[in-house]
A.B. asks: 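Can you keep this structure in mind? I'll have questions shortly.
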Amino acid sequence: MTMDGLEGVVVADTQLSDVDGERGRLVVRGHDVEALALAHDFEAACALLWTGSLPDPAAHAQLRAALGRARVRAFERLLRLGDALDAGDGMEALRAALAHLRASDIPAGELHAELTAAVAVFAASWARRRRGAPPLAPDPKLGHAADYLRMASSQGSDLARSRALDAYLVTVADHGMNASTFTARVVASTESDPVSAVVAALGALKGPRHGGAPGPVLAMLDEIGSPERAAAWIAAELSAGRRIMGMGHRVYRVRDPRAAVLERATERLRASGLRSDRLDLARAVERVAVASLGEKRPERRLAANVEFYTAVILDAIGLPQELFSPTFAVARVAGWLAHVDEQMRGGRLIRPSSRYVGPQPETPAAA
Ligand code: COA
C-alpha cells in the first residue's frame, strides 16, 4: 500500500516540537508556541531548540554575541558569492549563496550561528541589491531580529517592529516534520553535512505549498481590496479550480495556532501606533474563505494556516513581499539545524521504498 504524500507516517522520534492537528496546538520543547513567541526573542528560541532549555541571561548574551559575530563574518563573505545574489527570486539567491559555505571550513561549535547568521545577512543583502542599494553591514551589538530588519527593510528598524519580527521568527522556527525539515533530516541521515542539509531544505521551503504562500496571500488581499469583494473573488478562484493561499494544512484540522499568534502580534504592533489596514481586511477575507471552503468541502475542514497572517505581519513590519519566503528561512534554519543534530545523533538512514508500477522486461526472470 502506498501512503500518498506520507500523510500520517511517523518517520522520527523527536524532542523538538509537536503539532497537534486536531486541537490546534504547537508545543516547542515543552512550551506552547503562544507563550514562547509573545515573551521571548529569536535567540531564546534558538537556545531552546539547540540545547533543550531557555537560556539564562548569560547564555542568552553569549548566543546573541555569537550570532552578531557570525553576521559580520557572513557579510565579509558577500564578496566571494559570485553572482548568487543576482537571482531575481530571493529563495534562489539564498540557495545559491548558502551553497558557497563549506561545513569543513567552519568549526563545529560555530556551525549553528554561522548558518543562521548567513541566511539573514544573505537575504537582507539580496533585498537591498534588488533595490539597487549596496549591502548594509551588520551591527553585531543588536539582536538578530532587529539587525535583520535594519539591514533588510528600507524603513530601518525600531523596537516595536523588531519585537513583532522576533514574535514571527519564534513562531515559525520549528514545526514538526514539515516538508523542509524532513528534507533536512533525509540529507542528515546520509551523514552528509549541515550546509547540504540546509541548502536542500531551502529548496523544499521555496514551493508555494510550503513556504512560498505568504507572497501570494498578500497579492490576494490586494486584489480583493475590500471586505465586500471577498466572497465573489473567492468563489471565482474556487470555481476556476485554484486553491486559496494561506488556507488548509496537511496536519491542522482547525485554525493553525500560529495564525492566532501572528494575528495577536500584529495587533500588538498596531497598538504601538503602527497602521495595518490589511489586518482588518485579512480577518474579513479569512471569515469568507473559511465559510466558502466549508461549503465546498464539508468533509475536510480547511482553515487559515500560518502563511495567512505571515503576509499580514511581515507587511506591517515593513518587509517587502519578495522577502516573505526568505524571512521564513531566516527563522526556520534554527529548526532545521536542531533536526539535523537530532538526526545525526542517532537516526538511521532514511530510505523508504516505492512500489514499481512500470513495465516489466519482456524476457521472464531466470528461475
Ligand atoms: N484552497 C482550496 N482547496 C484546497 C485548499 C485551499 N487552500 N487546500 C486544500 N484544498 C483542497 C484540495 O484541492 C484537495 O481537494 P481535491 O481532493 O478535490 O483535490 C483537498 O482540499 C485536500 O487537499 P490536499 O492537497 O490533499 O491537502 P494537503 O494536505 O496535501 O495540502 C496544503 C496541504 C497546505 C498544501 C494545501 O492545503 C494548500 O495547497 N494550501 C494552499 C497553499 C498554502 O497555504 N500553503 C502554506 C502551507 S503552511
Side-chain angles (χ1 to χ4, degrees), residues 2-8 19 21-24 26 88-92 168 171-172 175-176 178-180 203-263 266 276-316 319-328 357:
T2 60
M3 302 298 292
D4 198 17
L6 296 183
E7 182 161 0
V19 181
E22 295 300 325
R23 288 191 296 166
L26 168 61
D89 176 88
M91 295 299 271
E92 287 185 354
Y168 168 75
T171 301
V172 305
H175 195 240
N178 60 86
S180 58
L205 186 69
K206 174 172 177 279
R209 293 200 180 178
H210 190 6
V217 169
L218 194 69
M220 168 179 76
L221 293 178
D222 285 348
E223 270 182 52
I224 293 176
S226 61
E228 63 281 3
R229 285 167 41 95
W233 193 93
I234 284 169
E237 286 297 289
L238 291 178
S239 61
R242 286 191 285 270
R243 294 182 180 208
I244 309 301
M245 289 291 121
M247 304 300 292
H249 197 270
R250 170 59 64 81
V251 184
Y252 292 118
R253 290 293 160 265
V254 292
R255 194 177 193 232
D256 185 332
R258 299 168 301 169
V261 181
L262 298 184
E263 191 186 5
T266 314
S276 172
D277 300 340
R278 287 195 175 106
L279 179 59
D280 297 327
L281 177 62
R283 284 172 167 158
V285 171
E286 180 189 1
R287 274 194 299 276
V288 174
V290 169
S292 310
L293 288 166
E295 268 168 39
K296 191 167 167 27
R297 305 196 60 93
E299 78 295 348
R300 185 179 175 103
R301 277 207 64 192
L302 295 166
N305 63 48
V306 66
E307 308 293 22
F308 201 83
Y309 284 93
T310 290
V312 179
I313 193 166
L314 294 186
D315 172 58
L319 289 172
Q321 185 178 332
E322 64 270 16
L323 260 185
F324 289 1
S325 298
T327 305
F328 193 167
V357 294

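Residue indices begin at 1 and follow the sequence shown.
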A.B. asks: Do Leu221 and Val312 make a side-chain contact, defined as non-hydrogen atoms from C-beta onward lying under 4.5 Å apart?
C.D. replies: yes

A.B. asks: Is the shortest distance from a Lys or Arg side-chain nitrogen in Glu223 or Arg229 to a carboxylate oxygen in the other one below 4.0 Å?
C.D. replies: no

A.B. asks: Side chains of Leu262 and Val306: does their closest heavy-atom pair fall under 4.5 Å?
C.D. replies: yes

A.B. asks: Answer whether the closest heavy-atom distance between the side chains of Tyr168 and Thr327 falls below 4.5 Å.
C.D. replies: yes

A.B. asks: Is the shortest distance from a Lys or Arg side-chain nitrogen in Arg242 or Glu237 to a carboxylate oxygen in the other one below 4.0 Å?
C.D. replies: yes

A.B. asks: Report yes if some heavy atom in the side chain of Lys206 is under 4.5 Å from a heavy atom in the side chain of Asp89; otherwise report no.
C.D. replies: yes

A.B. asks: Hey, can you pull the donor-acceptor pairs under 3.5 Å for the side chains in residues 277-285, sequence neighbours left out?
C.D. replies:
residue: Asp277; atom: OD1; partner: Arg275; partner atom: NE; Å: 3.4
residue: Asp277; atom: OD1; partner: Arg275; partner atom: NH2; Å: 3.2
residue: Asp277; atom: OD2; partner: Arg275; partner atom: NH2; Å: 2.5
residue: Arg278; atom: NE; partner: Asp222; partner atom: OD1; Å: 3.0
residue: Arg278; atom: NH1; partner: Asp315; partner atom: OD1; Å: 2.8
residue: Arg278; atom: NH1; partner: Asp315; partner atom: OD2; Å: 2.5
residue: Arg278; atom: NH2; partner: Asp222; partner atom: OD1; Å: 2.9
residue: Arg278; atom: NH2; partner: Asp222; partner atom: OD2; Å: 3.1
residue: Asp280; atom: OD1; partner: Arg270; partner atom: NH1; Å: 3.4
residue: Asp280; atom: OD1; partner: Arg270; partner atom: NH2; Å: 3.3
residue: Asp280; atom: OD2; partner: Arg270; partner atom: NH1; Å: 3.2
residue: Arg283; atom: NE; partner: Glu263; partner atom: OE2; Å: 2.7
residue: Arg283; atom: NH1; partner: Glu267; partner atom: OE1; Å: 3.1
residue: Arg283; atom: NH2; partner: Glu263; partner atom: OE2; Å: 3.4
residue: Arg283; atom: NH2; partner: Glu267; partner atom: OE1; Å: 2.7

A.B. asks: Minimum heavy-atom separation for Val217 to Glu307, with atom names?
C.D. replies: CG2-O, 4.0 Å

A.B. asks: For the aromatic rings, using the six-membered ring if either is Trp, is the centroid distance between His210 and His175 under 6.0 Å?
C.D. replies: no

A.B. asks: Test your reading of the model: is there a side-chain donor-acceptor pair from Ser325 to the backbone of Gly211, 3.5 Å cut-off?
C.D. replies: yes

A.B. asks: Are any non-hydrogen side-chain atoms of Met247 and Val290 less than 4.5 angstrom apart?
C.D. replies: yes

A.B. asks: Is the closest side-chain heavy-atom distance between Leu26 and Tyr252 below 4.5 Å?
C.D. replies: yes

A.B. asks: Please list, chain by chain and in numerical order, all residues satisfying salt bridge (Lys or Arg N to Asp or Glu O under 4.0 Å) with Arg23, sequence neighbours excluded.
C.D. replies: Asp20

A.B. asks: Is there side-chain contact between Arg250 and Glu7, with heavy atoms separated by less than 4.5 Å?
C.D. replies: yes

A.B. asks: Using modelled atom types and a 3.5 Å cut-off, is there a donor and acceptor pairing between side-chain atoms of Arg301 and backbone atoms of Arg297?
C.D. replies: no

A.B. asks: Is the side chain of Asn305 donor-acceptor paired with the backbone N or O of Gly248 at a distance under 3.5 Å, no angle test?
C.D. replies: yes

A.B. asks: Taking side chain as C-beta onward, heavy atoms only, is Arg258 less than 4.5 Å from Tyr309?
C.D. replies: no

